[in-house]
Visitor: 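I have a structure I would like to understand better, so I am pasting it below and will then ask my questions one at a time.
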Amino acid sequence: MSFVNAVDMTQDAYKNHYAIGAFNTNNLEWTRCILKGAQETNTPVILQVSMGAAKYMGGYKLVMDLVADTMESMNITVPVVMHLDHGNYEAAKECIEVGFSSVMFDGHDLPFAENLEKTKEIVKLAHAKGISVEAEVGSIGGEEDGIIGEGELASVDEAKTLAATGIDILAAGIGNIHGKYPENWTGLHFDRLQEISNAVKMPMVLHGGSGIPKDQIVKAVEMGISKVNVNTENQVAFANATRAYIESGADQIGKGYDPRKLLAPGKKAIVDVITSRIGWFKTPAVK
């Protein structure tokens with residue numbers, strides 16, 4: 001089964017008030033867990049990779065081939081989007097060339113006029129090949145591949161202008177952050193989300209989906225969020241499960257040190273997070 005772009009699935013999610021889970025891969029284990037969670041729930045999935053993770057894994061083409069080959073070996077039948085997460089201009093162009101089915105051009109750290117012009121160029125290049133495009137306005141808090149955001153609220157006017165470039169999905173800062181949420185985090189700004197959603201009338205993305213309480217995610221989805229990004233939560237779950245395995249001494253029993261056994265609890269923890277979050281997002285099963 002080949003990759004699909006994110007247009008139809010996010011449009012349907014927007015119209016029917018649910019969201020598609022977008023889960024970041026970091027290696028083979030993560031890839032298998034994401035695909036397993038999607039197949040077990042029989043739901044479409046956006047499998048995405050950041051620039052840093054792609055570099056760690058060996059490059060965008062290797063990542064794409066790894067995911068495609070893993071889909072074939074696991075006999076995956078649900079729709080899968082191969083998406084670039086937080087790509088700069090050069091990364092977005094490279095992923096368009098190698099065959100990703102969706103890209104995010106993140107120009108939020110550029111002057112808005114430059115972000116706008118580069119977004120238009122990426123849209124033109126991507127749409128010519130049937131590739132969907134996500135773009136960002138307003139800074140998402142935390143750090144993503146060295147880009148640090150303070151979690152500012154996106155401008156409604158800028159969101160409307162960026163949406164008019166022809167992008168398929170809009171990421172907008174509404175108080176969300178990457179990484180772990182601090183204890184003094186005050187929550188999502190639903191008033192701004194509503195203002196932007198009313199202005200752009202298109203699928204929107206909730207970045208930094210890890211750690212946001214369920215009730216806030218459910219409310220955001222009802223208000224127009226059609227894609228929710230999850231990465232940190234899987235990393236923490238994997239680390240906790242692996243730590244528990246080692247601290248129990250299981251790696252010292254028999255061949256418990258075998259990486260297939262050592263990583264098994266962490267892999268199960270990732271799948272559990274993914275299937276749980278798909279339930280939160282109310283993603284319907286594939287018919």
Side-chain angles (χ1 to χ4, degrees), residues 2-15 19-25 44-51 53-54 60-61 63-64 67 79-140 144-145 147 149 154-155 158-174 196-197 199-209 224-229:
S2 59
F3 298 122
V4 299
N5 66 35
V7 176
D8 289 343
M9 66 173 66
T10 54
Q11 282 287 346
D12 191 73
Y14 175 69
K15 292 174 184 176
I20 307 293
F23 304 99
N24 286 59
T25 187
V45 69
I46 297 172
L47 193 154
Q48 55 190 28
V49 67
S50 68
M51 294 190 300
Y60 299 112
K61 187 176 186 306
V63 172
M64 186 189 70
V67 175
V80 177
V81 176
M82 183 71 247
H83 181 72
L84 170 66
D85 185 32
H86 286 285
N88 61 23
Y89 181 67
E90 295 302 325
K93 288 200 299 182
E94 183 175 349
C95 288
I96 290 168
E97 287 301 313
V98 302
F100 275 47
S101 62
S102 185
V103 296
M104 176 189 185
F105 167 58
D106 182 358
H108 84 266
D109 58 328
L110 302 172
F112 182 68
E114 185 177 354
N115 182 11
L116 196 63
E117 288 308 308
K118 280 187 164 60
T119 298
K120 290 178 181 177
E121 292 178 36
I122 293 299
V123 167
K124 183 177 179 180
L125 291 171
H127 284 184
K129 294 191 174 186
I131 298 168
S132 52
V133 178
E134 175 185 339
E136 181 175 321
V137 61
S139 175
I140 308 299
E144 184 77 19
D145 283 346
I147 300 175
S155 158
E158 288 186 355
K160 191 172 182 178
T161 302
L162 192 64
T165 61
I167 60 173
D168 304 291
I169 324 167
L170 175 69
I174 53 171
I196 295 173
S197 183
V200 301
K201 295 181 172 59
M202 69 181 298
M204 293 178 59
V205 187
L206 181 63
H207 281 255
I225 292 294
S226 307
K227 172 179 180 275
V228 181
N229 288 14

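We count residues from 1, following the sequence as given. Source: prediction; values computed, not measured.
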Visitor: When you look at M104 and H207, which way does the side-chain contact (heavy atoms from CB on, under 4.5 Å) test go after all the steps?
Guide: CA-CA 12 Å; M104 176 189 185; H207 281 255; 3.6 Å; yes

Visitor: To the nearest 0.5 Å, what is the distance between OH (Y60) and CE (M82)?
Guide: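 Output value for this atom pair is 10.5 Å.
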
Visitor: Which distance, rounded to the nearest 0.5 Å, do you find between the CG of L84 and the CD of Q48?
Guide: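 So the CG of L84 and the CD of Q48 are separated by 9.0 Å.
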
Visitor: So, for G21 and V45, which heavy atoms are closest and what is the spacing to 0.1 Å?
Guide: O-CG2, 3.7 Å

Visitor: If I compare all heavy atoms of A53 with all of S50, which pair ends up nearest, and what's the gap?
Guide: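 Taking A53 first and S50 second, the nearest heavy atoms are N-OG, 3.1 Å.
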
Visitor: Determine, stepwise, if the pair T161 / L116 fulfils side-chain contact (heavy atoms from CB on, under 4.5 Å).
Guide: CA-CA 8 Å; T161 302; L116 196 63; 3.8 Å; yes

Visitor: What heavy-atom pair brings I46 and H83 nearest, and what distance separates the two atoms?
Guide: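 Reported closest heavy-atom pair: CG2-CB, 3.7 Å.
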
Visitor: Kindly compute the distance separating CG (L162) from OG (S155), expressed to the nearest 0.5 Å.
Guide: 10.5 Å

Visitor: How many angstroms lie between atom OH of Y89 and atom CD of E117, to the nearest 0.5 angstrom?
Guide: 10.5 Å

Visitor: So, D85 and N24: side-chain donor and acceptor under 3.5 Å apart, yes or no?
Guide: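 Yes - a donor-acceptor pair under 3.5 Å links their side chains.
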
Visitor: Tell me, with the steps shown, if V81 and L47 meet side-chain contact (heavy atoms from CB on, under 4.5 Å).
Guide: CA-CA 6 Å; V81 176; L47 193 154; over 6 Å; no

Visitor: Mind checking what makes salt bridge (charged side-chain N to carboxylate O under 4.0 Å, His left out) contact with K129, not counting sequence neighbours?
Guide: E97

Visitor: Tell me which one of H86, K227, M204 satisfies side chain to side chain contact (heavy atoms under 4.5 Å, CB included) with E134.
Guide: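 Going through H86, K227, M204 one by one, the side chain to side chain contact (heavy atoms under 4.5 Å, CB included) with E134 is satisfied by K227 alone.
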
Visitor: For V49 and A54, work out which heavy atoms get closest and say how close.
Guide: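 Heavy atoms of V49 and A54 come nearest at CG2-N, 3.6 Å.
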
Visitor: Supply the atom-to-atom distance K93 NZ to F105 CZ, rounded to the nearest 0.5 angstrom.
Guide: 10.5 Å

Visitor: Has S101 got a side-chain atom pairing as donor or acceptor with V4's backbone, closer than 3.5 angstrom?
Guide: yes

Visitor: For a quick test of reading the model, state the closest non-hydrogen atom pair linking A159 to V200 and the distance between them.
Guide: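 Smallest heavy-atom distance, with atoms named: O-CG1, 3.7 Å.
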
Visitor: Consider side chain to side chain contact (heavy atoms under 4.5 Å, CB included). Of P203, S226, P44, P79, which one does I20 pass it with?
Guide: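 Testing I20 for a side chain to side chain contact (heavy atoms under 4.5 Å, CB included) against P203, S226, P44, P79 leaves exactly one candidate, P44.
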
Visitor: What residues, two or more places apart in sequence or in another chain, satisfy salt bridge (charged side-chain N to carboxylate O under 4.0 Å, His left out) together with K61?
Guide: D65

Visitor: Give the C-alpha distance, both sets of side-chain angles, the deciding distance and a yes or no for side-chain contact (heavy atoms from CB on, under 4.5 Å) between I167 and M202.
Guide: CA-CA 9 Å; I167 60 173; M202 69 181 298; 3.9 Å; yes

Visitor: Could you pull out all residues at least two apart from S132 that satisfy side-chain contact (heavy atoms from CB on, under 4.5 Å)?
Guide: N5, A6, V7, S102, D168

Visitor: Please lay out, stage by stage, how E121 and K124 fare under the test salt bridge (charged side-chain N to carboxylate O under 4.0 Å, His left out).
Guide: CA-CA 5 Å; E121 292 178 36; K124 183 177 179 180; over 6 Å; no

Visitor: With sequence neighbours left out, what residues match Q11 under side-chain hydrogen bond (donor to acceptor under 3.5 Å, both in side chains)?
Guide: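 Not a single residue meets the side-chain hydrogen bond (donor to acceptor under 3.5 Å, both in side chains) criterion with Q11.
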
Visitor: Using the salt bridge (charged side-chain N to carboxylate O under 4.0 Å, His left out) criterion, which residues pair with K118? Sequence neighbours excluded.
Guide: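 For K118 the salt bridge (charged side-chain N to carboxylate O under 4.0 Å, His left out) partners, ignoring immediate neighbours, are E114.
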
Visitor: Just how far is it from atom CG of L110 to atom NE2 of H108, taken to the nearest 0.5 Å?
Guide: 9.0 Å

Visitor: How would you list all residue pairs meeting salt bridge (charged side-chain N to carboxylate O under 4.0 Å, His left out) that involve residues 158-167, not counting sequence neighbours?
Guide: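 Those involving residues 158-167 do not exist here.
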
